[in-house]
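As structure tokens, the structure follows; a few thoughts come after it.
Please read these numbers as outputs of a predicted model, since none were measured by experiment. Convention: sequence-line order gives letters A, B, ...; per-chain numbering from 1.
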Amino acid sequence: MASIEGTILDFKRLDQLATGGTSLHKIDARAKVLVTIVFLLSVVSFDRYALTALFPFFLYPTVVLALGNLPVDYFVKKVALFLPFALAVGMLNPLFDREMMVRLGPFDISGGWVSCASIVVRAILTISAALLLVGVTGFPEICRALERLGVPQTFAVQLLFLYRYIFVLTEEGARSSRARELRSFGGKGLGIKSFGSLVGHLLLRTWMRADRIHMAMLARGFTGEFRARQTSRFGGRELLFLLGWSTLFIVLRLRNVSRLLGSLVTGAPP
Amino acid sequence: MHMADALLSPAVGGTMWAASSGTIAYCSAKVRKELDDRKVPLMGVLGAFLFAAQMINFSIPGTGSSGHLGGGLLLTILLGPHAAFLTIASVLVVQALFFADGGLLALGCNIFNLGFFPAFVAYPYIYKKIAGERPEPARIPVAAIVAAVAGLQLGAFAVVLETVSSGITSLPFSTFVVLMQPIHLAIGIVEGVVTAAVVSFVYKARPEIVQGSAEARPIGNHPVRNVLLAFLAAAVLTGGVVSWFASGDPDGLEWAIAKATEKEAWKGPEHGTHGMLTALQEKIAFLPDYSFRKRAEAKGARANPEEEGKPLGDAKEEKGGKLGTSVSGIVGGLITLVLVFLAGFLLKRRSQAA
């Protein structure tokens with residue numbers, strides 16, 4: 001497992017990608033959130049043996065990655081980290097689903113292997129869609145978009161608050177954790193007892209911090225909502241973005257483009 | 001215990017989304033009504049605290065492995081069910097977006113599994129009953145362990161139900177249950193011990209934190225019943241809408257057509273539908289030498305006499321037929337991938353040059 005500091009750095013890097021200034025970054029967050037939802041629904045609504053029909057969906061993450069000018073290797077690495085998990089879950093399918101489904105020359109491939117591959121492809125697509133949404137939008141913008149899409153204000157405020165203090169508290173946690181590791185020896189002193197008081201102290205400090213924050217907020221006239229300058233609106237560009245991608249996803253969901261292409265090349269009837 | 005999008009069907013994902021958003025809306029209204037705006041920063045900062053606490057590992061005695069805090073029960077003990085549910089949900093949103101822990105569609109499931117059970121079942125019905133209205137330090141460990149185990153068992157069972165009813169994995173229900181429950185029994189015990197350690201520590205240092213939330217709930221209120229009602233209404237509504245939409249896709253349509261032809265309610269060759277049926281038949285009949293086609297014929301006992309050999313009633317055969325099971329499907333898939341990445345590469349070059 002990566003160190004806490006490593007995780008925080010990784011987190012910060014994804015967070016900072018959202019400060020980019022490409023045309024994709026400038027689109028209103030609501031459009032991007034909605035397109036991501038349509039994308040996810042299209043991908044997961046395929047039946048469990050769908051495999052080649054999923055391939056055209058790679059177009060969306062690829063285009064976002066390119067137009068958003070995001071670091072490819074970073075996202076590939078991040079998605080790759082989750083593949084062992086997807087594979088572990090998918091690997092159970094070949095054990096239970098042994099019915100032969102595809103014959104490729106001398107090889108018989110069972111339905112289980114096909115659905116296992118399908119799970120892995122789904123995982124790649126869905127994970128990258130979520131990460132890319134953050135990469136081109138940024139968490140605060142997503143929260144504001146959610147609020148304007150109807151999420152209860154209390155929850156939206158909670159998300160923004162959480163986000164604002166994650167960096168502060170994870171760094172504090174990382175420091176405490178390192179201090180404990182430095183004082184332990186051969187696994188001694190890393191048990192539940194020391195964890196209990198370590199986290200308990202962290203909790204007490206957090207609690208006092210919340211009190212201070214509350215007083216500071218009251219001093220600045222907090223009435224229960226965060227006010228933010230409206231920087232973007234849902235205009236023609238957003239509508240085009242939303243409708244264009246959504247139409248494409250629905251067409252790709254209903255037509256297997258891979259097979260059409262393949263039949264063009266091999267001459268088999270579509 | 002985070003569920004992933006890859007294993008979820010839209011109907012299950014949508015239903016759980018509705019359930020969780022309903023509960024979030026209910027809790028938001030409740031927290032707003034409490035008029036204790038001190039809770040607003042407290043919830044936010046405690047969410048961030050949970051994040052930090054989850055990153056700190058502890059070694060589990062006797063196993064050589066290490067674990068980390070889940071924290072659902074801990075937050076509920078500190079904040080009370082409504083505020084805790086919102087806080088847990090917000091942590092899960094951040095995890096889904098930044099760490100791809102679980103997916104966006106699975107978020108509804110995860111919020112429900114990891115938030116609802118500790119906050120609205122384990123805490124009011126187990127923890128509070130054992131620990132008492134005014135928690136006694138000696139009872140806190142027992143209460144925390146039993147409540148944590150119960151919450152995680154329920155959560156794990158919900159994961160099983162959601163995954164199996166999605167039907168993406170082939171894992172049978174019984175095997176999955178046997179895999180999940182014992183693992184989460186162990187996880188639950190550890191979670192309970194850790195929660196007890198933290199709560200006991202806080203109780204010693206500042207007892208009013210632990211007691212305050214236990215007393216805060218007004219008497220004669222039945223949060224669980226209200227939440228369950230809201231959840232049921234939302235789930236039934238969305239489940240209905242989602243499955244209605246889902247049946248609009250070709251699989252459902254074919255099934256409906258098959259049903260209709262069986263009952264002979266299907267009248268006349270309407271052009272659109274008939275054309276679609278023929279197209280479907282062609283799809284299924286391509287490359288007839290391959291095995292699935294023969295199997296399809298053999299199994300197509302309920303086939304429509306007009307569309308000979310077409311296995312209308314057999315969903316799996318339909319799926320087998322739809323998959324690009326031939327060379328052309330695989331070749332086409334590879335070409336698609338190459339095209340997609342080529343397009344991305346060119347776009348990237350252009351945007352870098354600009």
Under 4.5 Å heavy-atom distance to chain B, tell me which part of [X] shows up: side chain, backbone, both or neither.
| X | value |
| --- | --- |
| A:Asp211 | side chain |
| A:Val134 | side chain |
| A:Arg180 | side chain |
| A:Leu218 | side chain |
| A:Ser197 | both |

Shortest non-hydrogen separation from [X] to [Y] and the atoms involved:
| X | Y | value |
| --- | --- | --- |
| A:Leu169 | B:Phe49 | CD1-N, 3.4 Å |
| B:Gly44 | A:Phe161 | CA-CB, 3.8 Å |
| A:Leu204 | B:Phe201 | CD1-CE2, 3.9 Å |

With a 4.5 Å cut-off on heavy-atom pairs, point out which of [options] contacts chain B the most.
| options | answer |
| --- | --- |
| A:His201, A:Lys78, A:Glu181, A:Arg209 | A:His201 |
| A:Leu40, A:Ile8, A:Val64, A:Asp10 | A:Leu40 |
| A:Phe46, A:Phe167, A:Phe82 | A:Phe82 |
| A:Val168, A:Ile119, A:Leu162 | A:Leu162 |
| A:Val120, A:Leu202, A:Ile213, A:Ile142 | A:Leu202 |
| A:Leu70, A:Val79, A:Thr62 | A:Thr62 |

Looking at [atom1] of [X] and [atom2] of [Y], how far apart are the two atoms once the value is rounded to the nearest 0.5 Å?
| X | Y | atom1 | atom2 | result |
| --- | --- | --- | --- | --- |
| B:Leu105 | A:Ser45 | CG | OG | 10.0 Å |
| A:Thr206 | B:Leu46 | OG1 | CG | 6.5 Å |
| B:Ile24 | A:Thr154 | CD1 | OG1 | 11.0 Å |
| B:Ser166 | A:Arg48 | OG | CZ | 11.0 Å |
| A:Leu159 | B:Met43 | CG | CE | 9.5 Å |
| B:Leu97 | A:Asp15 | CG | CG | 11.5 Å |

Among [options], single out the residue with the greatest number of heavy-atom pairs under 4.5 Å to chain A.
| options | value |
| --- | --- |
| B:Asp5, B:Val190, B:Val91 | B:Asp5 |
| B:Ser200, B:Pro41, B:Pro172, B:Ala83 | B:Pro41 |
| B:Leu104, B:Leu50, B:Leu74 | B:Leu104 |
| B:Ser90, B:Ala197, B:Ala89, B:Ala52 | B:Ser90 |

Self-check item: chain B-proximal positions within residues 170-178 of chain A [heavy-atom distance under 4.5 Å]
Solution: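 Checking residues 170-178 of chain A against chain B gives A:Thr170, A:Gly173, A:Ser177.
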Quiz prompt | Criterion side chain to side chain contact (heavy atoms under 4.5 Å, CB included) on B:Lys39 and A:His214, from CA distance to verdict | solution = CA-CA 9 Å; B:Lys39 263 208 174 149; A:His214 182 235; over 6 Å; no
Using heavy-atom distances under 4.5 Å, tell me whether [X] contacts chain A through its side chain, its backbone, both, or neither.
| X | answer |
| --- | --- |
| B:Phe58 | both |
| B:Thr87 | both |
| B:Val199 | neither |
| B:Ala25 | both |

Distance-only check: which donor-acceptor pairs under 3.5 Å involve side-chain atoms of residues 126-133 of chain A, not counting sequence neighbours?
| unit_1 | atom_1 | unit_2 | atom_2 | d |
| --- | --- | --- | --- | --- |
| A:Thr126 | OG1 | A:Arg122 | O | 2.8 |
| A:Thr126 | OG1 | A:Ala123 | O | 3.3 |
| A:Ser128 | OG | A:Ile124 | O | 2.7 |
| A:Ser128 | OG | A:Leu125 | O | 3.1 |

Side chain proximity check, [X] to [Y], heavy atoms < 4.5 angstrom:
| X | Y | answer |
| --- | --- | --- |
| B:Ser28 | A:Gln153 | no |
| A:Tyr163 | B:Phe98 | yes |
| A:Ile192 | B:Val193 | yes |

Self-check item: Residue pair B:Asn57, A:Phe195: steps toward the side chain to side chain contact (heavy atoms under 4.5 Å, CB included) verdict
Solution: CA-CA 8 Å; B:Asn57 283 313; A:Phe195 177 86; over 6 Å; no
Quiz item: With a 6.0 Å cut-off on ring centres, are A:Tyr165 and B:Phe51 close enough?
Solution: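 Not close enough - the centres of the two rings lie 6.0 Å or further apart.
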Self-check item: From CA spacing to verdict: side chain to side chain contact (heavy atoms under 4.5 Å, CB included), A:Leu203, B:Val202
Solution: CA-CA 8 Å; A:Leu203 179 68; B:Val202 174; 3.3 Å; yes
